[in-house]
S.K.: 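There's a structure below that I have some questions on.
Every value quoted in this text rests on a predicted model; they were computed, and no experiment measured them. The figures that follow rest on heavy atoms only: side chains count, while hydrogens, waters and symmetry mates do not.
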Amino acid sequence: MVVPRTDFPILNREIHGKKLVYLDNAATTQKPKVVIDAMNNYYENYNSNVHRAVHLMAGEATDSYESCRTTLKNWFNAERAIFTSGTTEAINLAAHAWGKENLRSGDVVLMTEMEHHSDIVPWQLLADDLDIELRYIPVKEDFTLDLEAFDASLDGVKLVCIVHTSNVLGVRNPIEYVIEKSHSIGAKVLIDAAQGVPHKQIDFEKSGADFMAMSAHKMMGPTGIGALLVTEEIFQSMRPFMGGGDMIQTVTLKGSTYQDNEHKFEAGTPKIAEAIGWKAALDYMANIDLEAEHSRLVEIAKWTSSQLEDLGATIYGRYSEQDAAVVSFLFDNLHPEDLAHYLDAMGFAIRTGHHCAQPLLERLGVKGTARASFYLYNTMEEAVEFIEAVKYVLEKFG
Amino acid sequence: MVVPRTDFPILNREIHGKKLVYLDNAATTQKPKVVIDAMNNYYENYNSNVHRAVHLMAGEATDSYESCRTTLKNWFNAERAIFTSGTTEAINLAAHAWGKENLRSGDVVLMTEMEHHSDIVPWQLLADDLDIELRYIPVKEDFTLDLEAFDASLDGVKLVCIVHTSNVLGVRNPIEYVIEKSHSIGAKVLIDAAQGVPHKQIDFEKSGADFMAMSAHKMMGPTGIGALLVTEEIFQSMRPFMGGGDMIQTVTLKGSTYQDNEHKFEAGTPKIAEAIGWKAALDYMANIDLEAEHSRLVEIAKWTSSQLEDLGATIYGRYSEQDAAVVSFLFDNLHPEDLAHYLDAMGFAIRTGHHCAQPLLERLGVKGTARASFYLYNTMEEAVEFIEAVKYVLEKFG
Amino acid sequence: MNEALEEILDEFEEIEDRMEKFEFLHDLSDELNQLPTEEWTDSTRIDGCQSEAHVKVWIDSGLVQFRGGADASIVAGLMGIISIAVHGQTVEYVRALQPEFLARTGLLNSLTPSRSNGFRNIFSRVKIAIGE
Amino acid sequence: MNEALEEILDEFEEIEDRMEKFEFLHDLSDELNQLPTEEWTDSTRIDGCQSEAHVKVWIDSGLVQFRGGADASIVAGLMGIISIAVHGQTVEYVRALQPEFLARTGLLNSLTPSRSNGFRNIFSRVKIAIGE
Ligand SMILES: Cc1ncc(COP(=O)(O)O)c(C=O)c1O
Ligand SMILES: Cc1ncc(COP(=O)(O)O)c(C=O)c1O
């Protein structure tokens with residue numbers, strides 16, 4: 001089963017006179033009409049600031065906004081869900097609100113070479129402020145993490161930051177092992193789940209993770225919103241990050257007291273329409289058999305990668321069952337930037353470049369890759385057309 | 001002239017069976033259809049991540065997103081416009097990226113008692129980290145700033161933070177005087193323009209301010225976006241606040257280098273749809289004679305306040321030409337929360353409470369006020385209906 | 001639900017005009033055993049009302065005791081309803097009571113416990129007092 | 001605009017099929033005076049291309065000199081056009097030239113100078129070299 005493509009207005013779009021084949025889903029996903037409609041409904045019928053006024057629209061807006069939080073908590077089985085502008089802000093929030101309060105000089109933050117810049121730079125910035133050490137788990141030839149190196153790197157580690165699923169390789173990391181091992185030495189674990197949550201309903205509590213970061217726009221929700229999930233224990237050890245309206249209990253010239261719920265970390269007028277759109281996306285996902293869809297997409301990715309390989313491409317990925325449908329590849333005789341332009345001329349949207357994961361690409365020994373990433377509305381037919389298009393380009397320009 | 005009310009779909013809304021009269025504009029404003037449509041158009045026709053891919057939709061999204069920045073810079077005549085999630089994040093950005101880098105132990109940040117919590121708490125949080133002193137300019141009986149006290153408080157001041165227009169009083173502060181005087185002693189000035197920009201096109205460069213913070217949602221734009229305007233000098237002295245994708249030039253395991261434009265402070269996938277919506281709002285405003293509208297609204301506010309006074313209310317404001325159309329008032333014999341509920345029953349949306357300005361309310365000696373705030377689509381007829389409704393409530397419950 | 005409460009909620013459902021509902025609510029504040037302002041403290045204060053709102057809930061011989069006071073009359077009226085709902089009732093009875101009954105008044109604009117919605121917070125205070 | 005450039009842009013406007021445009025562009029990279037890879041340095045590098053792209057622009061006897069090299073062929077083709085536009089032209093002539101002429105190729109998906117759009121950055125480099 002494929003989700004009804006007619007649910008996604010953009011799929012009717014023509015690109016340079018050709019039918020759009022959108023294969024840049026790891027960058028951002030398309031939105032079903034229900035998501036767009038939910039935001040329109042807010043703006044056209046009950047746009048109002050939340051938490052503050054007693055009038056009817058303020059009540060409706062507040063209920064809608066907070067019901068997104070409830071939906072999110074239920075979907076992920078999480079005690080605390082703090083809204084942020086996306087994965088990046090979520091990780092920065094963890095670094096500021098928890099890291100600054102709980103890390104001490106000499107403590108180690110352990111990351112992986114597979115991290116997205118959003119899970120590296122916040123810790124580098126924090127290391128500029130605190131005297132903490134940063135370490136990285138290497139990636140092996142088979143595109144998986146070097147778990148022996150991980151085991152050997154745990155000395156002094158207080159926090160492990162690991163990407164659930166790589167946006168370049170599609171590889172899903174053994175977070176269960178990493179969490180268990182990290183906890184056994186008393187370290188906390190932050191999961192960058194930006195690429196994990198679109199494909200799978202993750203049970204945060206059961207996963208045992210301490211933090212989990214995500215973006216709505218990568219799971220059919222709007223831009224401008226995401227979340228940091230945290231356990232109650234972590235929540236209680238976080239200090240306010242940004243100050244302002246809505247996060248305070250009282251303000252005097254001498255000092256302030258803060259809310260004791262998630263609002264404490266959501267200063268200012270929140271992302272109201274965005275939360276409402278995200279809830280609609282989660283409700284939409286709830287009607288999809290995500291596991292079946294995921295298998296279907298991984299099959300497509302596997303087929304695509306083997307076809308590309310037959311055409312002479314080097315493939316960066318492995319397409320086991322739990323991995324994401326992300327195909328990174330390179331041709332010796334065709335620059336990826338050229339390929340992307342030629343494909344664009346034929347209606348195909350793929351991504352090329354460093355994918356905000358320069359350390360990983362350095363480890364792979366390349367400057368960038370071409371990446372085709374599939375999502376719920378993509379079909380096997382599109383994969384076939386994509387391979388045909390690549391063949392055409394190779395014949396013409398290869 | 002009133003802007004065509006038919007431009008605002010929500011104004012057809014019924015509240016408890018009554019016509020909506022929306023007088024909570026200082027909290028958030030309603031959106032014209034062009035703003036909603038611009039965001040729909042993005043999601044339905046060219047939703048894509050920006051700055052990163054070469055395909056057509058990525059190009060269209062990038063051009064649209066960046067053209068919002070251009071529009072913003074032109075509208076405000078500003079060298080640098082950094083997108084944030086709103087006024088609150090903009091001020092927190094200033095505190096982190098500039099304050100932390102440029103303030104030293106013993107330096108003074110001078111604020112006013114009239115500030116919104118968003119322009120107080122970030123500095124209180126900063127003062128927890130750095131050993132800086134916070135001072136406040138008092139508010140006088142006539143609801144204006146005590147400029148003599150200001151003159152007398154400048155010793156050691158490195159930054160003055162002042163609200164352009166009070167969200168409680170509607171009073172427009174003498175920012176020209178404050179900026180000139182502050183600069184004469186070498187202090188920088190941050191303007192919280194959240195309530196100023198909806199009513200007036202401000203020339204940032206000409207104002208001489210160093211920082212200016214604002215929210216799109218208070219000027220007919222969407223939720224989830226705002227901006228910090230800064231001079232080139234300030235821009236160059238700011239250190240990255242949040243780390244992640246899009247703000248870097250290169251990332252290695254050893255460290256990172258950053259972009260040299262505004263992207264440096266916009267980590268992660270940006271607020272794309274939101275920027276596009278905001279641009280549509282600015283384009284819409286460009287077609288309105290804001291000065292004439294402002295005079296019209298202040299007249300309405302002045303009339304409303306005098307009517308309320310005749311009915312026995314205490315008024316907190318003065319309604320001079322430059323002030324905003326914000327009417328804060330209290331009746332001795334009717335609790336504002338009750339009043340707001342009764343008015344809501346009749347379709348009127350007003351705000352009551354502390355308006356995120358507790359220090360100001362403490363100075364005024366009250367716990368909260370009732371506040372009716374007017375915007376472009378409001379009419380004199382609505383003000384008349386409002387006064388009638390208040391009379392009705394007073395008769396029945398006063 | 002006890003009979004008095006049922007009657008009141010029926011009455012609310014019958015009244016269509018919202019202003020009339022408020023008038024009816026106004027009268028219900030008389031049903032409230034007043035908590036004298038001298039006894040208003042931080043621990044009796046209800047968050048989420050813009051008014052000063054205070055309640056004291058305790059258990060006496062297995063029966064819930066409720067006193068309240070507020071400077072806004074709508075809040076006092078809602079306290080009146082809650083008082084009718086719980087005052088003098090057994091702990092078991094109150095434990096079974098869900099805050100949703102308040103929605104039948106048709107007066108709640110929002111169901112989210114928040115700053116602008118102290119009504120639910122008042123009821124939560126009752127629940128806390130009986131150890132929930 | 002010089003005649004050779006005019007002709008090329010006319011040709012681009014005549015070609016409808018985007019792939020054919022690319023084929024035509026491909027040929028234009030031959031027009032480019034190559035900057036040997038040994039001369040590729042940080043200061044010749046163009047930001048915003050995902051490929052390695054390098055140009056060197058200088059003025060000789062009042063005439064603009066342009067050399068370039070890129071490992072992506074589309075970028076090399078665009079350099080070819082820019083070379084035709086500016087190489088051997090007077091500084092005054094190049095000063096008057098606006099980057100918008102590149103849009104006439106119909107090949108630019110974006111007009112914003114950014115990471116994914118090195119084309120404009122190449123032309124900016126020319127402008128910087130002539131002191132703009
Ligand atoms: C004067 C003033 N400053 C700051 C803010 C905060 O704006 P936001 O909540 O959009 O961040 C507001 C609005 O609530 C305001 O009126
Ligand atoms: C693995 C991973 N982490 C983090 C991010 C950053 O997400 P955002 O840009 O939405 O903050 C992304 C997406 O670009 C990603 O793929």
S.K.: Taking all non-hydrogen atoms of both residues, which atom of B:C356 and which atom of A:G245 are closest, and how far apart?
M.R.: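 Scanning both residues completely, I find the closest heavy atoms to be SG-CA, 4.0 Å.
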
S.K.: Parallel, tilted or perpendicular: which describes the rings of A:F241 and B:F241, with under 30° parallel and over 60° perpendicular?
M.R.: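 It falls in the tilted class, 30° to 60°.
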
S.K.: Find the distance between NE2 (B:H16) and CG (A:L56) and round it off to the nearest 0.5 Å.
M.R.: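 If I round to the nearest 0.5 Å, the distance is 4.5 Å.
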
S.K.: Side chain, backbone, both or neither: which part of B:E89 has a heavy atom under 4.5 Å from chain A?
M.R.: both

S.K.: Counting only heavy atoms from other residues, nucleotides and ligands, does the tally under 6.0 Å from NZ of B:K100 exceed 12?
M.R.: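 More than 12 heavy atoms, drawn from other residues, nucleotides or ligands, come within 6.0 Å of this atom.
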
S.K.: Between NE2 of A:H354 and OG1 of B:T250, what distance do you get to the nearest 0.5 Å?
M.R.: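 One gets 9.0 Å once the value is rounded to the nearest 0.5 Å.
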
S.K.: Among B:N49, B:T29, B:I15, which has the most heavy-atom pairs under 4.5 Å with chain A?
M.R.: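 Going by pairs under 4.5 Å, I would pick B:N49.
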
S.K.: Which atoms of B:Y136 come close to chain A, meaning under 4.5 Å heavy atom to heavy atom: side chain ones, backbone ones, both, or neither?
M.R.: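 The side chain, not the backbone.
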
S.K.: What's the shortest heavy-atom distance between A:N45 and B:R13, and which atoms?
M.R.: O-NH1, 2.6 Å

S.K.: Evaluate side-chain hydrogen bond (donor to acceptor under 3.5 Å, both in side chains) for B:E274 paired with A:T223, printing each intermediate quantity in order.
M.R.: CA-CA 8 Å; B:E274 290 84 349; A:T223 59; 2.7 Å; yes

S.K.: Do you know which of A:D37, A:D129, A:I91 has the most heavy-atom pairs under 4.5 Å to chain B?
M.R.: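 With the most close heavy-atom pairs to chain B, the winner is A:D129.
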
S.K.: Among B:E362, B:K271, B:H217, which residue forms the greatest number of heavy-atom pairs with chain A at distances under 4.5 Å?
M.R.: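 Sorted descending by pairs with chain A, the first entry is B:H217.
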
S.K.: Any carboxylate oxygen within less than 4.0 angstrom of a Lys/Arg side-chain nitrogen, looking at A:D24 and B:R52?
M.R.: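 Between B:R52 and A:D24 there is no salt bridge, as every charged N stays at least 4.0 Å from the carboxylate O atoms.
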
S.K.: Measure B:Y258 against the heavy atoms of chain A and call it side chain, backbone, both or neither at under 4.5 Å.
M.R.: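 Side chain only.
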
S.K.: If you tally heavy-atom pairs under 4.5 Å against chain A, which of B:F8, B:Y46, B:F348 wins?
M.R.: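 So the answer, after comparing B:F8, B:Y46, B:F348, is B:Y46.
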
S.K.: For the residue pair B:Q30 and A:Y43, what are the closest heavy atoms and their distance?
M.R.: OE1-O, 4.5 Å

S.K.: Please classify the contact of B:K33 with chain A as side chain, backbone, both or neither, using a heavy-atom distance under 4.5 Å.
M.R.: side chain

S.K.: Looking at every heavy atom in both A:M57 and B:I10, which two are closest together, and how far apart are they?
M.R.: SD-CD1, 3.8 Å

S.K.: With chain A, which of B:L343, B:T352, B:V251 has the greatest number of heavy-atom pairs at distances under 4.5 Å?
M.R.: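 Among the listed options, the one with the most contacts to chain A is B:V251.
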
S.K.: Only pairs of heavy atoms separated by less than 4.5 Å count here; which of B:I36, B:V121, B:T88, B:N92 has the most with chain A?
M.R.: B:N92

S.K.: Measure B:L20 against the heavy atoms of chain A and call it side chain, backbone, both or neither at under 4.5 Å.
M.R.: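 The side chain, not the backbone.
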
S.K.: Could you check which of B:I120, B:T28, B:L125 has the highest count of heavy-atom pairs closer than 4.5 Å to chain A?
M.R.: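 Winner by heavy-atom pair count: B:L125.
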
S.K.: A:M111 versus chain B, heavy atoms under 4.5 Å apart: side chain, backbone, both or neither?
M.R.: neither

S.K.: Please classify the contact of B:E266 with chain A as side chain, backbone, both or neither, using a heavy-atom distance under 4.5 Å.
M.R.: neither

S.K.: Is the distance between the ring centroids of A:H96 and B:H96 under 6.0 Å?
M.R.: yes

S.K.: Could you state the interatomic distance from NZ (A:K31) to CG (B:N47), rounded to the nearest 0.5 Å?
M.R.: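 Between atom NZ of A:K31 and atom CG of B:N47 there are 4.5 Å.
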
S.K.: Testing the basics here: between B:Q358 and A:I248, what is the closest heavy-atom pair and its distance to 0.1 Å?
M.R.: NE2-CD1, 4.4 Å

S.K.: Under a 4.0 Å N-O cut-off, is there an ion pair linking B:D128 with A:R239?
M.R.: yes

S.K.: What part of B:E44 gets closer than 4.5 Å to chain A, counting heavy atoms only: side chain, backbone, both or neither?
M.R.: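 Contact with chain A involves both backbone and side-chain atoms of B:E44.
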
S.K.: Of all the heavy-atom pairs spanning B:A53 and A:R351, show the shortest one and how long it is.
M.R.: CB-CD, 3.9 Å

